[in-house]
Amino acid sequence: MKAREKYHGSLRRLFIDGLHWTVLLLSVLLIVFISYDTFKGIPFLENRAYMTFQFFVCLAFIADFFVELWFTPREGRGSYFRSRWLFLLLSIPYLNIVYGAGLDLSPQTLYFIRFLPLARGVLAMVIVFNYLASSKITGIFVSYVAILLMTVYFASLIFFEREQPVNPGVTSYWDAVWWCCMETTSLGCSLSPVTVVGKVLAVVLSLMGMIIFPLFTVYLSSVIMRSRRKLNILKIVDSSVKTSDSPGLSAQSGERKVAETPKNP
């Protein structure tokens, strides 16, 4: 019975891991799709291929949520739902709903709605990185770095799309990337946003940099402390080994001295 439960548990874990990797792959493809449309200036509501792809990606995200909920033990489903309800909200295809219902929303609102599935994809990346990390501290550190990098990338896309038509300082996408990096590090930049979206991004990136960059110091401190702890353990083990060997060595040296002492005639 225990062998069967262990076998079913391993199959369940393998299936859930496969779903996570599928969600991760779809998230990467969605990022590529959005990046291509942004660089080419293609209106996403008029791009039927993108709308269809995003719809099926959102369905895959929703399926991943409910399948994992089904595999969760009955007593832990409430805890799972409370900790992952945001995943479900971000997986809803809002853009397709707005388009199908014919709702009249501003272009800025629609552009932000477009990035909601990407936020769900970033959360999937965090889960995968935590799973692959060698320790809990490393998993947290890698997760925060992934969130920081993806936020900077998404912000650069939004900043380029909003600022490039009206800001003479934004002549290429790399200007947007440079501005986002400078704002994240709180160093500031000679380039100033002129749109409301750009000003909001400046505040968001600065706050994120202030929150996440101190984690580098915490992580490096923890790595140094763990290394010193390992060295101390090795020193203790080495000293204990030498101490345990010393009686035998002294006995051998004593026997050697007795053997070398000449006998009285």
Side-chain angles (χ1 to χ4, degrees), residues 16-17 19-35 38 54 57-58 60-62 64-65 68 80-92 94-95 111-162 173-174 176-189 193 197-223:
I16 292 176
D17 290 344
L19 283 176
H20 288 165
W21 282 104
T22 302
V23 169
L24 181 61
L25 177 60
L26 291 175
S27 303
V28 172
L29 292 177
L30 196 61
I31 293 171
V32 173
F33 221 136
I34 288 180
S35 301
T38 300
Q54 182 190 242
V57 167
C58 290
F61 290 169
I62 294 173
D64 172 70
F65 177 86
E68 193 166 356
Y80 174 85
F81 191 86
R82 287 191 297 270
S83 62
R84 300 287 183 92
W85 61 270
L86 183 60
F87 285 57
L88 181 60
L89 290 181
L90 293 176
S91 301
I92 299 174
Y94 295 105
L95 202 61
Y111 197 78
F112 279 111
I113 292 176
R114 186 188 193 193
F115 280 86
L116 289 178
L118 290 180
R120 171 66 178 87
V122 172
L123 293 177
M125 294 180 185
V126 170
I127 292 176
V128 174
F129 290 150
N130 271 321
Y131 179 76
L132 296 176
S134 58
S135 65
K136 186 176 181 179
I137 296 178
T138 303
I140 295 174
F141 174 74
V142 174
S143 299
Y144 276 111
V145 170
I147 292 174
L148 177 64
L149 293 178
M150 296 308 298
T151 302
V152 170
Y153 180 68
F154 296 156
S156 66
L157 290 178
I158 296 173
F159 186 82
F160 176 71
E161 199 273 340
R162 295 286 97 186
Y173 171 71
W174 300 110
V177 174
W178 174 254
W179 179 84
C180 290
C181 292
M182 291 298 99
E183 291 297 323
T184 304
T185 55
S186 301
L187 296 177
C189 184
V197 173
K199 295 175 181 178
V200 171
L201 288 176
V203 176
V204 171
L205 291 174
S206 298
L207 289 176
M208 176 163 287
M210 293 171 59
I211 294 172
I212 293 183
F213 274 109
L215 294 175
F216 287 93
T217 305
V218 175
Y219 177 72
L220 291 176
S221 300
S222 65
V223 170

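Note that this is a predicted model, so its numbers are computed, not measured.
Contact of the Phe154 side chain with the Ile31 side chain is registered, since non-hydrogen atoms from C-beta on lie closer than 4.5 Å. Residues Asp64 and Thr22 fail the side-chain proximity criterion, which asks for heavy atoms closer than 4.5 Å.
Checked against side-chain contact (heavy atoms from CB on, under 4.5 Å), Val204 has the following partners two or more places apart in sequence or in another chain: Val200. Residues passing the side-chain contact (heavy atoms from CB on, under 4.5 Å) test with Thr151, sequence neighbours excluded: Ile147, Leu205, Met208. For the side-chain contact (heavy atoms from CB on, under 4.5 Å) test, residues two or more places apart in sequence or in another chain that qualify with Tyr80 are Phe65, Glu68, Leu69, Thr72, Arg84. In this view, Phe159 and Trp179 satisfy the ring-ring contact (aromatic ring centres under 6.0 Å, His included) rule, not counting sequence neighbours. Every side chain to side chain donor-acceptor pair (under 3.5 Å) that Tyr173 has, sequence neighbours left out, goes to Ser156. Remark: Ser35 engages Tyr153 in a side chain to side chain donor-acceptor pair (under 3.5 Å) (not counting sequence neighbours). Tyr94 pairs by the ring-ring contact (aromatic ring centres under 6.0 Å, His included) definition with nothing, not counting sequence neighbours. With sequence neighbours excluded, the residues forming a side-chain contact (heavy atoms from CB on, under 4.5 Å) with Leu149 are Val145, listed by chain and number.
Atom CG in Leu90 sits 9.5 Å away from atom CZ in Phe61 (nearest 0.5 Å). With values rounded to the nearest 0.5 angstrom, Leu89 atom CG is found 10.0 Å from Ile62 atom CD1. Rounding to the nearest 0.5 Å places SG of Cys58 at 7.5 Å from CG of Leu30. Separation of atoms CG (Leu29) and CD1 (Ile34) is listed at 11.5 Å; rounding is to 0.5 Å.
Between Met182 and Cys189, the shortest heavy-atom distance links the atoms CB-CB, 3.8 Å. Looking at every heavy atom in both residues, Pro193 comes nearest to Gly198 through CB-C, 3.6 Å.
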Dump the intermediate steps for side-chain contact (heavy atoms from CB on, under 4.5 Å) on Val197 and Leu201, then the final yes or no.
CA-CA 6 Å; Val197 173; Leu201 288 176; 4.2 Å; yes

